[in-house]
Amino acid sequence: MKPPLKIALAGMGTVGTGTLTLLSAQAELLSQRCGRPLHVTAVSARDRNRDRGVDLKPYRWFDDAVEMAAMADADVVVELIGGSDGPAKALTEAAIRAGRHVVTANKAMIALHGRELAAAAEEAGLTLAYEAAVAGAVPVIRAIREGLAANRISRLHGILNGTCNYILTTMRETRRDFADVLAEAQRLGYAEADPSFDIDGIDTAHKLAILASLAFGTRIDFGDAFVDGIRRISADDIAFANELGYRIKLLGTAQASNGGLQLRVHPAMVPMNAPIASVEGVLNAVECESDFAGTTMLEGRGAGAGPTASAVVGDLIDIAHGRQTPVYGVPVARLARLPIIPMEHHIGPYYVRLMVYDKPGVFADVAAILRDHEISMESVIQRSRSATEAVPVVLTTHETRESAMVGALAAIGELPSIAETPHMIRIEQFEAARQ
Ligand SMILES: NC(=O)c1ccc[n+]([C@@H]2O[C@H](COP(=O)([O-])OP(=O)(O)OC[C@H]3O[C@@H](n4cnc5c(N)ncnc54)[C@H](OP(=O)(O)O)[C@@H]3O)[C@@H](O)[C@H]2O)c1
């Protein structure tokens with residue numbers, strides 16, 4: 001048997017302790033599969049005295065994770081602290097400088113600094129692995145970078161944030177409003193005390209940037225993506241979507257078109273019969289459309305101690321075997337820079353919810369504005385009437401350009417009979433994209 005793979009683990013929170021637990025529970029199996037044991041030699045976190053439910057006595061403790069990355073007796077450093085900069089980035093750089101491979105679950109760091117870190121790792125002949133950074137247990141990095149490497153990918157989209165998917169699913173199942181379900185998700189530990197990273201779409205955009213780089217072999221800057229979150233989705237929107245045959249999902253989409261790339265994160269209405277519509281609760285899924293393989297969908301647990309540890313240890317197994325693939329599938333220097341197509345150029349059907357005071361002539365005004373912006377309506381739904389209060393009126397449109405929709409809604413919002421800023425949700429057309 002070969003000598004053990006020696007591992008230093010930085011961060012002993014949900015994923016760090018989960019990784020230790022998995023490595024210990026599966027020690028024999030892993031040793032058999034790798035032909036060598038996987039040995040943790042050193043660990044680091046902030047508070048040495050915190051009870052973490054795992055025995056840390058067998059490992060050398062470091063108060064300073066960056067020092068550990070440089071000094072520990074280790075072949076590989078596992079970064080499970082989090083945050084795009086700070087100690088996570090410093091220890092990754094220190095590990096590479098010291099000639100150690102790095103495994104991380106940190107999507108923010110890879111999305112913002114991935115190219116720089118990958119270039120350093122490549123130059124040193126080291127692995128920088130990050131399967132756990134996108135969709136937890138779902139092996140989507142490997143699927144895109146290796147499994148589908150024979151294809152040109154034309155589009156990928158995914159449900160990449162379990163917190164948002166849980167909130168949207170629970171809103172639909174219980175007919176409750178966003179704020180109420182978010183508060184419950186926070187109580188249950190599914191949402192952070194400060195949930196903005198998740199619900200404003202930033203976490204999804206980090207993961208989309210990583211997947212798009214891999215899928216399209218291109219440099220992506222985090223600011224390239226259009227990002228909108230789920231705060232404005234109401235119980236009414238969910239009910240109307242249902243009535244119209246859709247589910248609302250927070251999707252991250254990367255799509256090649258006219259020699260450029262569209263990158264967008266926003267709530268989307270997906271047809272109920274699309275496979276991704278039935279991905280519910282905290283689950284994640286990614287669907288890829290490619291020229292020879294056709295449509296491929298992966299679904300599974302995107303977070304939590306066990307699923308994330310599974311991905312971290314999968315990367316450790318590759319390192320134990322000496323399997324090495326360029327971080328982005330191609331060396332960093334060979335990444336292309338595709339033009340980014342601005343969101344104003346997006347074309348598709350739209351759902352619009354207006355809160356309307358039911359006065360004579362209001363529909364004529366709305367219809368005139370839509371006509372002036374060359375937007376053609378497909379359907380109108382009004383379920384309730386009130387002489388005193390605003391009531392929801394929902395329109396769906398045929399295919400139209402985003403810039404026209406934005407202009408029309410700004411004008412509609414100015415009408416005296418409109419009570420709130422109009423709310424639009426983009427309707428996804430997977431079939432059209434597949435043709
Ligand atoms: N949780 C998930 O389900 C999940 C899923 C996919 C990816 N991830 C990613 O995995 C990473 C870790 O997430 P997590 O949920 O495990 O976080 P967490 O529970 O908050 O744990 C973070 C750990 O980092 C330690 N830490 C913080 N600052 C440190 C420093 N300066 N030096 C050494 N240790 C430090 C903390 O120490 P103390 O315990 O002493 O405070 C804690 O043990 C993040 O990048 C996250 O995005 C998480």
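Counting starts at 1 for both ligands and their atoms, in listed order.
Side-chain contact between V40 and L23 is present, with at least one heavy-atom pair separated by less than 4.5 Å.
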Tabulation required: pairs of a nitrogen or oxygen in ligand 1 and a protein nitrogen or oxygen under 3.5 Å; columns are atom names and distance to 0.1 Å; otherwise 'none'.
| from | atom 1 | to | atom 2 | distance (Å) |
| --- | --- | --- | --- | --- |
| ligand 1 | 3 (O) | G304 | N | 2.7 |
| ligand 1 | 16 (O) | T14 | N | 3.2 |
| ligand 1 | 16 (O) | V15 | N | 2.8 |
| ligand 1 | 19 (O) | T14 | N | 3.0 |
| ligand 1 | 19 (O) | T14 | OG1 | 3.4 |
| ligand 1 | 37 (O) | R46 | N | 3.3 |
| ligand 1 | 39 (O) | R50 | NH1 | 3.0 |
| ligand 1 | 39 (O) | R52 | NH1 | 2.7 |
| ligand 1 | 39 (O) | R52 | NH2 | 3.4 |
| ligand 1 | 40 (O) | R46 | N | 2.9 |
| ligand 1 | 40 (O) | D47 | N | 2.8 |
| ligand 1 | 40 (O) | R52 | NH2 | 2.8 |
| ligand 1 | 41 (O) | R46 | NE | 3.1 |
| ligand 1 | 41 (O) | R46 | NH2 | 2.9 |
| ligand 1 | 41 (O) | R50 | NH1 | 3.3 |
| ligand 1 | 43 (O) | M12 | N | 2.9 |
| ligand 1 | 43 (O) | G13 | N | 3.0 |
| ligand 1 | 47 (O) | K107 | NZ | 3.2 |

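Checked options D198, I199, D177; the residue passing with L182 is I199 (criterion: side-chain contact (heavy atoms from CB on, under 4.5 Å)).
Counted by atom type alone, H101 and D315 present zero donor-acceptor pairs between their side chains at under 3.5 Å.
Scanning for side-chain hydrogen bond (donor to acceptor under 3.5 Å, both in side chains) contacts around Y351 gives D237, with sequence neighbours left out.
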Apply ring pair (Phe, Tyr, Trp, His ring centres under 6.0 Å) to the pair F430 and H157, showing each step before the final yes or no.
CA-CA 10 Å; F430 300 128; H157 52 258; 4.5 Å; yes
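Classification of R247 and E280 as a salt-bridged pair holds, one side-chain N sitting under 4.0 Å from a carboxylate O.
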